[in-house]
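Data block below; observations after.
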Amino acid sequence: MIKFSEEKLKKVSEIIQRYPEGKQKSALLPVLHLAQDEFGGWLDTPVMDYVATLLSIEPIEVYEVASFYSMYNLKPVGKYLFEVCQTGPCMINGSDDIIGYIKTKLNIGVGETTADGLFTLKTVECLGACGYAPMMQLGKTYREHLTKEKVDAIVAECRSKAN
Amino acid sequence: MAKKLLLDKAHVPGIRSYEVYRKEGGYRSVEKAFRLTPAEIVEEVKLSGLRGRGGAGFPTGMKWSFLAKPEGVPRYLVCNADESEPGTFKDRYLMEFIPHLLIEGMIVASFALGSNVSYIYIRGEYAWIADILENAIDEAKQNGWVGKNILGTGFNFELYVQRGAGAYICGEETALIESLEGKRGNPRIKPPFPAVKGLWDCPTVVNNVETLAAVVPIINEGGEAYAKIGVGKSTGTKLISACGNINKPGIYEIDMTISVEDFIFSDEYCGGIPNGKRLKACIPGGSSVPILPANLLLTTAKGEKRMMNYESLSDGGFATGSMMGSGGFIVLDEDQCIVRNTMTLARFYHHESCGQCSPCREGTGWMERILKKIESGKGEMKDIDLLWDIQRKIEGNTICPLGDAAAWPVAAAIRHFRDEFEWHVQHPDKCLTENFGLRHYADPIHVAVTA
Amino acid sequence: MADEIKTFKVTIDNITIDVPAGTTVLNAARQIGGDVAPPAMCYYSKLQGSGGKCRTCLVEVAAGSTADPRPMPKLVASCRTTVMDGMVVKNITSEKVKDARAGVVEFLLLNHPLDCPICDQAGECHLQDLGYEHGKEGTRYEFPRRTFEKEDIGPYIQLHMTRCILCYRCTYVADQLTDKRVHGILDRGEHAEISTYISKAVDNEFSGNMIDVCPVGALTDKTFRFKNRVWFTKPVDAHRTCDTPGCCGNTTLWLRGEEVFRVTARKDEWGEVKSYEGKPGWICNTCRFDKKKTSDWTIEGVTKVNRHSVISQGKYEGLVMPKETVQEVMGGRAPKLLMNIHDESEVNDPKIQLSEINGPAHAENFKN
Ligand SMILES: Cc1cc2nc3c(=O)[nH]c(=O)nc-3n(C[C@H](O)[C@H](O)[C@H](O)COP(=O)(O)O)c2cc1C
Ligand code: SF4
Ligand code: SF4
Ligand code: FES
Ligand code: FES
């Protein structure tokens, strides 16, 4: 049974309060973020249906929105999602090499997850860190000025956290 | 040293916290604004000559005066913190390090516009910055700057942070409004404009983070004093986010009287190009503005020094000039490949098209594919003309300016670097291992002397 | 004194008319009619909020109004631009418009499968008409086209997403005519698609109208598919007393002999569902899918077919080969991928009038 904890449900109603009466659909993006964090890092159909019920909207309205925004994962992802930027300014500063290095190091292609389910590699477009390139998003924060050594350290850090 | 209005306190330790911010003179503009009428505040902003810092450069005071004020209908102010234009990362800096400056500006602006509930729409990836902002709003609330009956004025004001979820198009103001309503980020067909029918069909003003932050010094120092900084219609100070091949990438506050050359090479700013490389090209205002070769970047076609301000950067129009745009300053050195760089930008716009209208939906992917083809040494001469024709058929024919934003970089790259594209076609093998290099792109341009 | 309705003077392609304030440029042009009316692939006058997306209806505004006669800097979508008094508009008299429109048509056809010979909509497809009239060159697109799997959405409707041009009309039908929408637009940009996401059935008495508003063959009537080609059936106007509230009961039956191959709403000259007493003549699924006997209907007479449409060409005197249209759509390029069904199929000899064959056609009927 998919259900938010009491605490999360309180958060949901708090978010809904931010908008005028009857405009609870506005809470969709924030609530989908909550749901993705809570239910395994991705949005399975039952999860989206649950969100639709919470906000009294049709499930298709949720699918339409979830599939539009690139941060919502509609398929399972690894525990650690490496989202490496590949747009112009990052490319100029060597993002291609970083992506290549991660591929060989983790032995996965872009869009793939390691066999142990720990890491997924994704390429993304400009994340607003162009001056600190190359960079990637990992969870809630950015890792910037990436080098091969830094990638090694990040992978090690994730591995030790996972244990 | 140029005068700093936004970042002058950025390096004070602890400025992120309310206490330090207040001790350094924060929230004075709110106190001052409450002694003025909303109309007087709008007038000050008009006097200041402030132009929107989100990219389009529309005069802010004028935008505010257009806001419809029907009886009994709420009005909204929405801060555009979606910052996703490649090369642009200035709003992030403001929000991350001096969050109270934005909040202060938003209180003043909301009071001027009559918005009792305002929102900051921040790009979803800036998740930790959303937390910083929410903390700062809580602090402001505890100290009586946000909430009911602020400072006993009878003005009620709530401020909320809304995170996006990964979509550049939500920086376009009507797409942003749709997104804030919990929908797909499809830009609306205008008219009606947000000033008449915006968020939940109510009159709405959407302003960039930096624009709203600039309201603070304008109220503190007065619109007229603000207008004295800078030149011509480029008043006040502007944040530039500099990146690419420079020694000191980062955020700089300039007063728009400095030359592009000094900006790139002086130690106060970018500090020149690393490893003794030479300047090849630059995209001076975020990825959608035209790229310029070194010669046209530093000197206008008229032979004048190009300056870092709205007028000078656009001098020569699209034929020989560019734009200030969002202030995302991307420098390319002699080792950079223009074709590859253009390809990554085309890929970006392809990835970010909302898909609502056919020229942008179909044309952006097409351009990316052709650029990939040329970049990988499989291009033909006719592909270059085809690219030109596609961008021409997208530009101006779409619902929102993302179509133009996708077309311009391709157009400018072909306009100024056509021989580099042709070289790729003519050297299908060599182009995989070598770069075209600097060639003549920094050579002085011949300026016709008029008698 | 009666309220005077304000009217505006607007000049389109050198023809001036008076229209009520609030009229769009497109509707003003439709009042003039003929070639002056820009093609519209996404706008649908009976669906609120439609239009603005396909960009085929772009026109040039040479003068904004008498008060402000400056030209508009960009071409505008005529379906979403309201007229101003003294506005001067150029449609087919503008080179800029023709050029842009040819571009839009190319974009729309870019990923289109051009499978006209096997498409149900062939002959009454607005995209086919559009390509025929405004398309210019053959495709310059040399990359693989995007493809999607066919999807059944409910027992009556099949979605052939590959052909969809994302006009959004069907989503407006679902929103405005049915009690709940189960299909919508998923993903974004070039990957955007119409879908239910999890293969839900579209099930509502008025869902069938999605088929009528679809400008291409993306949504088709499953009860009709592959039975015949549109141009071999004979459309007649018919009606029945229908007790579904909201159904007008006025239809077009597509007959061959005595057999009803398909039922659709009646269309006006712009390809939209006709209006009766100011109300759109939507029909219910019972009329559309369940009434397949001529005895269910009172037949009024032969339907007049719009002269713009490919079907209207020589409808009753001898049949037009679809091949010609296909080539035209593809800019004269003889289709390699496509087959001419008349060459390939034994059962579609155009020399034989299908309506004269009694009962279902078999290969035998065509063997001389
Ligand atoms: C595709 C597109 C993306 C945009 N992205 C942003 C953005 O990230 N941030 C922003 O402030 N304005 C952005 N804009 C401009 C906004 O539409 C709007 O003009 C701006 O927020 C107005 O604020 P200002 O007047 O303060 O500049 C974008 C526009 C377009 C067409
Ligand atoms: S131009 Fe592109 S992003 Fe803008 S509405 Fe059209 S498809 Fe969407
Ligand atoms: S399925 Fe048809 S009606 Fe629906 S969006 Fe596609 S083309 Fe338009
Ligand atoms: S280009 Fe990578 S963060 Fe902007
Ligand atoms: S009919 Fe006007 S844009 Fe599609």
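Worth saying up front: this structure is predicted, and the values here are computed from it rather than measured. Labels below follow one simple rule: chain letters A, B, ... track the order of the sequence lines, proteins then strands, and each chain is numbered from 1.
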(request) Counting only heavy atoms closer than 4.5 Å, note whether Lys190(B) contacts chain C via side chain, backbone, both or neither. (result) neither
(request) Taking atom CE of Met84(C) as the centre, report whether more than 12 heavy atoms of other residues, nucleotides or ligands fall under 6.0 Å from it. (result) no
(message) Any non-hydrogen side-chain atom of Arg146(C) less than 4.5 Å from a side-chain atom of Glu362(B)?
(response) yes
(message) Can you tell me if Lys197(B) has over 12 outside heavy atoms packed within less than 6.0 Å of its NZ?
(response) no
(message) I'd like to verify something: which residue of Cys360(B), Pro359(B), Gly363(B), Gly396(B) has the highest number of heavy-atom pairs under 4.5 Å with chain C?
(response) Pro359(B)
(request) Supply the atom-to-atom distance Glu106(C) CD to Ser358(B) OG, rounded to the nearest 0.5 angstrom. (result) 12.0 Å
(request) Please look at Ile390(B) and chain C and tell me whether the side chain, the backbone, both or neither of the residue comes under 4.5 angstrom of a heavy atom of that chain. (result) both
(request) Using a 4.5 Å cut-off on heavy atoms from C-beta on, say whether the side chain of Tyr168(C) contacts that of Asn186(B). (result) yes
(message) Could you check whether any side-chain heavy atom of Arg361(B) comes within less than 4.5 Å of a side-chain heavy atom of Phe107(C), counting everything from C-beta outward?
(response) no
(request) Identify which part of Leu75(C) has an atom lying under 4.5 Å from any heavy atom of chain B, answering side chain, backbone, both or neither. (result) both
(request) Could you tell me which portion of Glu395(B) (side chain, backbone, both or neither) has an atom closer than 4.5 angstrom to a non-hydrogen atom of chain C? (result) neither
(message) Once rounded to the nearest 0.5 Å, what's the spacing between atom CD of Gln356(B) and atom SG of Cys167(C)?
(response) 12.0 Å
(message) If I take atom CD1 from residue Ile189(B) and atom CZ from residue Arg80(C), how far apart are they, to the nearest 0.5 angstrom?
(response) 4.0 Å
(message) Which atoms of Thr364(B) are under 4.5 Å from chain C, going by heavy atoms: the side chain, the backbone, both sets, or neither?
(response) neither
(request) Mind listing the closest non-hydrogen atom pair of Arg55(C) and Thr398(B) along with its distance? (result) NH2-O, 3.2 Å
(request) Against chain B, work out which of Glu190(C), Glu142(C), Lys74(C) has the most heavy-atom pairs shorter than 4.5 Å and name it. (result) Glu190(C)
(message) Tell me which of these, Gly51(C), Gly189(C), Ala192(C), has more heavy-atom pairs under 4.5 Å with chain B than the rest.
(response) Gly189(C)
(request) Keeping the roles fixed (side chain from Arg188(C), backbone from His351(B)), state whether a donor-acceptor pair exists under 3.5 Å. (result) yes
(request) Taking all heavy atoms of Arg184(B) and all of Ile185(C), pick out the closest pair and write down the distance. (result) NH1-O, 2.9 Å
(request) Of all the heavy-atom pairs spanning Gly355(B) and Leu166(C), show the shortest one and how long it is. (result) O-CD1, 4.4 Å
(request) Return the minimal non-hydrogen interatomic distance between Asn397(B) and Ala100(C), and the atom names on each side. (result) ND2-CB, 3.6 Å
